[in-house]
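All values reported here derive from a predicted model rather than from experimental measurement.
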Amino acid sequence: MKPFATISARHRGFTLVELIMVIVLMGVIGGIMSVFIRGPIDAYISAGRRAALTDVADTTARRIARDIRRALPNSIRPNGANCLEFIPTKTGGRYRVQDNLAGDSLDFAISDTTFNRLGSNSALPASQQIAQNDLIVVYNLGIAGADAYDVTTALGSTNWTTVSAAPTEPAGYVPAETVIPISGFKFPLSSGSNRFHVVAANEQMVSYVCSGTTLFRAVSTVPTAAASCPTATAGSATVSAIATNVNCPGTSFTYTGPDLQRNALVTMVLSIQDSSATETVNLQHEVHVDNTP
């Protein structure tokens, strides 16, 4: 039999003091490690949050830019820093300037009721086909006598009228042409390039409005003469929210008109916050606008 002392030494464990010392040392080491690890972790979380905010701002800016590029020439107008209005177009084309066969040109000397569009209307995508009650606009300059916002005339604007019936495509035209019936109207000015624009009947004016903490897109079926952005609220059939958690005081729209050396320019500054309003991302985006009517 082995001595008792030998057996006791072999099965000896840690003392309470040793355990306490180990716990204290582990706590000190853990505290030191947390000081070095916390910074990178916080930076990673902040970077992810900013990336999400930047993605929202970038997506919103690109959506607005895509809308602005459809604007009727010389129809963009800001109303204060937090509102931008314009008349969107669905398509365009060239009108006939000389009668040919049974073709009908657009006559600027009389109150014309029909004209031929060069090309086939049915060949266009469904969303771009000219339909009854759409608006035909010719040579919009945004000035008195050629302003689509000027709705003082009996038939509507000074330079647009409505499509009175569904367009038709008579046979015998090579290439194809489309007959567009319009409400009797005398356009004040002809286009130097024989162009006309078409505005959809159900979307004749678009307003981007920043209100509260939301950026709205509002649609009107009638252009208004005065620049007066609507009071946008969610829930309306013609108003949709395109971005939330927006810092409206930091969000702005500016418009610089064209000159002899450059096109017009729309500058957007979008300020997007996180839900707790502790992080803000400001994105500036510029859109070049071709105002050739």
Side-chain angles (χ1 to χ4, degrees), residues 42-90 127 142 149 199-200 202-221 223-224 226-259 262-291:
D42 289 345
Y44 175 79
I45 296 174
S46 298
R49 183 167 56 246
R50 291 173 192 144
L53 295 176
T54 301
D55 183 63
V56 172
D58 181 67
T59 301
T60 303
R62 290 179 183 276
R63 177 177 178 178
I64 297 175
R66 186 172 64 248
D67 230 5
I68 289 175
R69 291 190 178 97
R70 297 192 302 123
L72 180 71
N74 303 301
S75 71
I76 297 175
R77 62 183 187 186
N79 183 26
N82 302 124
C83 178
L84 186 72
E85 294 180 324
F86 57 90
I87 299 175
T89 61
K90 63 185 292 187
S127 61
Y149 285 114
V199 178
N202 61 345
E203 192 178 64
Q204 297 181 15
M205 190 172 74
V206 169
S207 304
Y208 281 97
V209 188
C210 194
S211 177
T213 59
T214 306
L215 182 62
F216 296 95
R217 182 183 188 272
V219 176
S220 174
T221 55
T224 58
S228 56
C229 276
T231 302
T233 55
S236 171
T238 59
V239 177
S240 58
I242 65 169
T244 57
N245 296 326
V246 181
N247 176 24
C248 284
T251 297
S252 63
F253 300 95
T254 57
Y255 175 73
T256 304
D259 55 31
R262 63 182 181 183
N263 292 329
L265 183 69
V266 174
T267 302
M268 298 178 285
V269 178
L270 300 180
S271 182
I272 308 294
Q273 300 175 329
D274 62 359
S275 57
S276 61
T278 58
E279 192 82 48
T280 303
V281 168
N282 295 320
L283 177 65
Q284 178 173 328
H285 190 78
E286 295 179 343
V287 184
H288 289 266
V289 182
D290 183 5
N291 277 327

d(Leu265 CG, Thr254 OG1) to nearest 0.5 Å is 7.0 Å

Does any part of the side chain of Glu85, heavy atoms only, come nearer than 4.5 Å to the side chain of Ile76, both counted from C-beta? no

Mark yes or no for whether Tyr149, through its side chain, and Gly142, through its backbone, hold a donor-acceptor pair below 3.5 Å. no

Can you tell me how far the CG atom of Leu215 sits from the OG1 atom of Thr244, to the nearest 0.5 Å? 10.0 Å

Nearest heavy atoms of Leu270 and Ala57, plus distance in Å: CD1-O, 3.6 Å

Any side-chain heavy-atom pair of Val266 and Glu286 under 4.5 Å: no

Per side-chain contact (heavy atoms from CB on, under 4.5 Å), Ile242 is matched among Val56, Thr214, Thr60 by Thr60

Expected output: side-chain Asn291 to main-chain Pro73 donor-acceptor under 3.5 Å: no

Passing candidate, side-chain contact (heavy atoms from CB on, under 4.5 Å) with Leu53, options Leu283, Asn245, Val281, Asp58: Val281

Do Arg217 side-chain atoms and Tyr208 backbone N/O form a donor-acceptor pair below 3.5 Å? no

Using 0.5 Å steps for rounding, measure from the OG1 atom of Thr280 to the CZ atom of Arg50. 10.5 Å

Treating Asn82 as the side-chain partner and Cys248 as the backbone partner, does any N or O pair qualify as donor plus acceptor under 3.5 Å? yes

Which heavy atom of Tyr255 sits nearest a heavy atom of Ala264, and at what distance? OH-CB, 3.5 Å

Gap between atom NE2 of His288 and atom CD1 of Ile68 - 0.5 Å precision: 12.0 Å

Compute both the distance and the angle, then confirm whether Arg77 meets the cation-pi test with Phe86: under 6.0 Å from the six-membered ring centre, within 45 degrees of the axis. no

Side-chain heavy atoms of Thr251 within contact of Val269, under 4.5 Å: no

Once rounded to the nearest 0.5 Å, what's the spacing between atom CZ of Phe253 and atom CG of Asn79? 12.0 Å

To the closest 0.5 Å, what do you measure between OG1 (Thr89) and CD (Glu203)? 10.0 Å

Heavy-atom donor-acceptor pair, Asp274 side chain to Glu279 backbone, under 3.5 Å: yes

Indicate yes or no: at least one non-hydrogen side-chain atom of Met268 is less than 4.5 angstrom from one of Gln284. no

Closest heavy-atom pair and its distance - Gln204, Ile87: O-CG2, 3.3 Å

